[in-house]
Amino acid sequence: MRLDHIGLNVGDLPAMTTWYAAALDLTVEFEFALDDVDLRGVLLRSPAGFRLELLCRAGNTAGMRPADPADAALTRGYGHVAFDVPDVDAWHARLLAAGAAERMSPRPSPEPGVRMSYVSDPEANLIELLDRMQGRAPSYRFLHSKVPFQTPLAGRLR
């Protein structure tokens, strides 16, 4: 089995489409609407083949707006999306320059040999950046969703 794509619920579909497309070099693959439930969406695709689906339903409200990954772990469900990138520091800086907010500066991950950081998009969705690619051949090189981690270090990640 292989992950096909990750979906994010957003408030401003056009603005978030523009932001994710520019920040992650994505292109619009498919736009859709489900009129009976007033839901609109867009599927974005990367040159590497991963997809990110943005969904927006009329009347939606902001949900969890965690300040950091430890706060996100207080709510059940998906707390963030995570991207494997070749250089956490460079991608962290790139997303900050694109308008992301810093949530956790680049540092060693609890997983040995892995570097990580967190930012949030303009609507406060958490994005984790991981460098698992150096010296490894991951089964997927692009995007994965993770249940927020809880470790004894969680209180020190702020």
Side-chain angles (χ1 to χ4, degrees), residues 3-46 48 50-85 88-107 109-111 114-131 140 142-158:
L3 178 66
D4 182 69
H5 67 274
I6 290 296
L8 285 176
N9 294 321
V10 298
D12 185 339
L13 186 61
M16 295 307 291
T17 299
T18 300
W19 190 84
Y20 274 98
L24 300 176
D25 292 328
L26 306 176
T27 57
V28 173
E29 180 178 66
F30 178 70
E31 295 180 64
F32 61 93
L34 302 173
D35 293 330
D36 56 329
V37 292
D38 205 5
L39 176 74
R40 299 202 177 334
V42 62
L43 196 59
L44 301 168
R45 187 186 229 2
S46 81
F50 80 79
R51 293 189 222 153
L52 179 66
E53 182 178 44
L54 302 178
L55 301 168
C56 184
R57 185 170 180 198
N60 73 24
T61 59
M64 178 174 60
R65 291 187 174 268
D68 56 53
D71 286 348
L74 292 172
T75 303
R76 292 182 193 144
Y78 292 103
H80 65 281
V81 294
F83 293 89
D84 282 331
V85 296
V88 166
D89 296 275
W91 274 91
H92 187 88
R94 175 186 175 151
L95 293 182
L96 292 178
E102 181 159 321
R103 296 296 178 230
M104 188 177 79
S105 62
R107 64 190 66 195
S109 167
E111 182 180 348
V114 175
R115 258 177 92 62
M116 66 185 290
S117 74
Y118 277 84
V119 298
S120 62
D121 72 18
E123 289 191 356
N125 296 300
L126 284 177
I127 301 168
E128 180 181 12
L129 302 171
L130 295 154
D131 181 357
Y140 51 92
F142 40 90
L143 172 76
H144 65 281
S145 172
K146 293 174 49 177
V147 174
F149 68 91
Q150 279 283 50
T151 72
L153 300 175
R156 296 185 213 152
L157 294 178
R158 295 176 194 221

Determine the minimum heavy-atom distance between [X] and [Y], stating which atoms define it.
X: S117; Y: V88; result: OG-CG1, 3.6 Å
X: D89; Y: P106; result: OD1-CB, 3.3 Å
X: L52; Y: H5; result: N-CB, 4.5 Å
X: L13; Y: V42; result: CD1-CG1, 3.8 Å
X: D38; Y: A58; result: OD2-CB, 2.9 Å
X: A101; Y: L96; result: C-CD2, 3.8 Å

### Summary
Which of I6, N9, T17 passes side chain to side chain contact (heavy atoms under 4.5 Å, CB included) with L54? It is T17

Is any side-chain heavy atom of [X] less than 4.5 Å from a side-chain heavy atom of [Y]?
X: F50; Y: L26; answer: yes
X: H92; Y: V85; answer: no
X: V81; Y: N125; answer: no
X: M116; Y: M104; answer: yes
X: D35; Y: R40; answer: yes
X: L24; Y: L44; answer: no
X: H80; Y: S120; answer: no
X: Y20; Y: I127; answer: yes

### Task
State whether the side chain of W91 and the backbone N or O of D84 hold a donor-acceptor pair below 3.5 Å, judged by distance alone.
no

### Task
Ignoring hydrogens and angles, tell me if any N or O in the side chain of E123 forms a donor-acceptor pair with the backbone of G11 under 3.5 Å.
yes

### Message
Please list all pairs meeting side-chain hydrogen bond (donor to acceptor under 3.5 Å, both in side chains) that have one or both residues in residues 21-33, counting only residues at least two apart or in different chains.
### Response
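Checked against side-chain hydrogen bond (donor to acceptor under 3.5 Å, both in side chains) - neighbours excluded - the pairs reaching residues 21-33 are D25-R94, E29-R45, E29-R51.
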
